[in-house]
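As structure tokens, the structure follows; a few thoughts come after it.
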Amino acid sequence: MAPEPMARESVPPEPVDIELTATVRADEMCFGEEPRTHVGFDGHPGHESRSGSDRVNLPDRVAKGVTYRQVQVHYALESRLTLPGDD
């Protein structure tokens with residue numbers, strides 16, 4: 001099963017200055033609580049960033065107490081630094 005296209009926040013133009021990727025796999029996974037997550041970008045100089053995940057057998061919003069099997073999550077974060085006056 002091919003993962004869904006990665007959901008992205010404000011797309012930085014190429015090339016990016018920072019790229020972080022991670023892949024997690026699990027035979028089975030169960031959440032005792034619904035996770036609360038947040039991705040934020042701040043700092044100086046400015047930046048244009050995007051992040052998102054491709055998931056296999058794991059919905060965007062997981063349910064408490066449900067066991068998900070053969071799970072895979074690929075996460076990516078990309079950022080480009082911007083300086084005052086950059087277009």
Side-chain angles (χ1 to χ4, degrees):
M1 168 193 266
E4 292 293 314
M6 190 169 300
R8 298 292 187 157
E9 298 173 2
S10 70
V11 178
E14 296 294 332
V16 295
D17 295 309
I18 301 168
E19 180 178 21
L20 172 71
T21 62
T23 300
V24 178
R25 295 178 184 89
D27 291 335
E28 56 181 44
M29 180 179 274
C30 184
F31 294 85
E33 297 180 9
E34 290 183 20
R36 291 186 288 181
T37 62
H38 171 76
V39 176
F41 302 96
D42 58 9
H44 298 282
H47 57 84
E48 296 173 340
S49 302
R50 66 182 176 181
S51 67
S53 62
D54 293 327
R55 298 170 174 223
V56 176
N57 296 329
L58 191 68
D60 286 337
R61 296 186 65 97
V62 298
K64 176 181 175 180
V66 174
T67 300
Y68 301 97
R69 291 183 171 72
Q70 303 305 314
V71 170
Q72 179 174 313
V73 177
H74 176 75
Y75 179 80
L77 177 149
E78 297 173 339
S79 188
R80 176 183 173 272
L81 301 178
T82 60
L83 300 172
D86 281 357
D87 291 333

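The figures here come from the full heavy-atom set of this structure, side chains too, leaving out hydrogens, waters and symmetry mates.
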- Query: If we only count heavy atoms from C-beta on, is the Asp54 to Val73 side-chain gap below 4.5 Å?
  - Reply: no
Would you give me the side-chain donor-acceptor pairs under 3.5 Å for residues 26-37, sequence neighbours excluded?
none

- State, yes or no, whether a side-chain contact exists between Val62 and Val66 at a heavy-atom distance under 4.5 Å. no
Without placing hydrogens or testing angles, list every side-chain donor-acceptor pair under 3.5 Å for residues 15-23, not counting sequence neighbours.
unit_1 : atom_1 : unit_2 : atom_2 : d
Asp17  : OD2    : Leu81  : N      : 2.7
Thr23  : OG1    : His74  : ND1    : 2.8

- Item | Listed once per pair and sorted, the side-chain hydrogen bond (donor to acceptor under 3.5 Å, both in side chains) pairs that draw on residues 58-69, sequence neighbours left out | none
